[in-house]
2 protein chains.
Amino acid sequence: MRPLFHPAIEDVRPEAILHALSDPERAAIFAQIAGGGSGGTCAALANMRERVIPKSSLSNHIKVLREAGLIRCERQGVEMRNHSRCSELDERFPGLAMAILSAYGWLPREAKAD
Amino acid sequence: MRPLFHPAIEDVRPEAILHALSDPERAAIFAQIAGGGSGGTCAALANMRERVIPKSSLSNHIKVLREAGLIRCERQGVEMRNHSRCSELDERFPGLAMAILSAYGWLPREAKAD
DNA sequence: ATCAACAGTTCCGAACTTCCGAACTATGGA
DNA sequence: TCCATAGTTCGGAAGTTCGGAACTGTTGAT
């Protein structure tokens, strides 16, 4: 499997980010990846909270996040490592990812106002 | 036509906001309303930029924005006044609406970083 | 080499959502 | 009353999403 498609940071569109994160399940996956906790493999993500996500759905969610420019995925042996593109994104759209995660109440590690 | 449904600010869900604003056309309508320029009637919004929006679509966009909690609509005579709920929203989800409008490059009046 | 096991992807049909023209409703003025 | 104006609802065509079953690609064992 050749390197998966990732948009260049300047090609990332705000509507794609909002669309990707407008699904709470997908936003939770992104929060998990951004938090760095699980190591970011699909298997780790699949049963992160009470809900078990079918793997075809998870694969699709990850594809949507990747194509929106939110995460970067690379194969490492048999599994896939997913990591967030937060710092690049924050340069392009300052405060956006953070405001969204914080609206969901899932800020990765920073302080939270409310 | 009795008062239209508007969610209480504490019932506003982040996914609804992101979904509403993940359509660039709808986000542009919201920016226009938030900017306050047009007076916010549908007719004024319909032909705001090069694109003419069919009125059934516009009505639907406004409904989505209203039910997401982004705008407040009230009939005034024969027309409808739409205004944004930015200040309430900013208390509930600090920085969210601003980060989104700024990502689209449509910040209502404040300064812009990049 | 062959095989099995595992991690993730693709395919495709059912269910859901979106778009927009035509028909409708509500308000105000003559 | 009847008309014009501003917006809403209806309905069907087109598009999107979800998830089970079948597939691919990688590793490790025999």
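Just so it is clear: chains get the letters A, B, ... in the order the sequence lines come, proteins before strands, and each one is counted from 1.
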Indicate yes or no: at least one non-hydrogen side-chain atom of B:L65 is less than 4.5 angstrom from one of B:N82.
no
Tell me which residues in residues 59-68 of chain A put a heavy atom below 4.0 Å from DNA chain C, sorted by number, or none.
A:S59
For A:D23 and for A:K55, find the nucleotide of DNA chain D with the closest heavy atom, then tell me which residue's nucleotide is more 5'.
A:D23
In whole angstroms, the gap separating P of D:dA6 from CZ of B:R75 amounts to 11 Å
Quickly work out the A:F5 CZ to C:dT9 P distance and round it to whole Å.
16 Å
Measure from the side chain of A:H19, starting at C-beta and using heavy atoms only, and say which of D:dC18, D:dT17, D:dG7 lies closest.
D:dT17
Show the atom names and distances, to 0.1 Å, of all donor-acceptor pairs under 3.5 Å that link a side chain in residues 7-22 of chain B to residues at least two apart or in another chain.
| unit_1 | atom_1 | unit_2 | atom_2 | d |
| --- | --- | --- | --- | --- |
| B:R13 | NH1 | B:E15 | OE2 | 3.0 |
| B:S22 | OG | B:H19 | O | 2.8 |

Looking at A:R66 and A:F5, would you say the former's side chain and the latter's main chain have a donor-acceptor pair under 3.5 Å?
yes
Provide, to the nearest angstrom, the distance between the CZ atom belonging to A:R26 and the P atom belonging to D:dG19.
12 Å
Interatomic distance, B:I53 CD1 vs C:dC20 P [rounded to whole Å]
9 Å
Between D:dG19, D:dT8, D:dA22, spot the one nearest the side chain of A:S56, thanks.
D:dG19
Atom-to-atom span, CD of B:E25 to P of C:dC19 - whole angstrom:
8 Å
Separation between NZ of A:K55 and CD1 of A:I62, rounded to the nearest 0.5 Å
13.0 Å
Please report the distance, rounded to the nearest Å, between CG in B:L58 and P in D:dT9.
14 Å
Could you tell me which non-hydrogen atom of B:T41 sits nearest to which non-hydrogen atom of B:R81, and how far apart they are?
CG2-NH2, 3.4 Å
Side chain of A:S57 only, please: which of D:dG19, C:dC20, C:dA7 is the nearest?
D:dG19
Any side-chain heavy atom of A:R72 sitting closer than 4.5 Å to one from A:E88?
yes
Whole-Å distance separating the CD atom of B:Q76 from the C1' atom of C:dG28
14 Å
Rounded to whole Å, please give me the gap between CG in B:L4 and C1' in D:dT9.
13 Å
Listed nucleotide nearest any side-chain atom of A:P54, set D:dC18, D:dG19, C:dT27:
D:dG19
State which of D:dG7, C:dG21, D:dG25 makes the closest approach to the side chain of A:V78.
D:dG25
Side chains of B:I29 and B:I53, heavy atoms from C-beta outward: is any pair under 4.5 Å?
yes
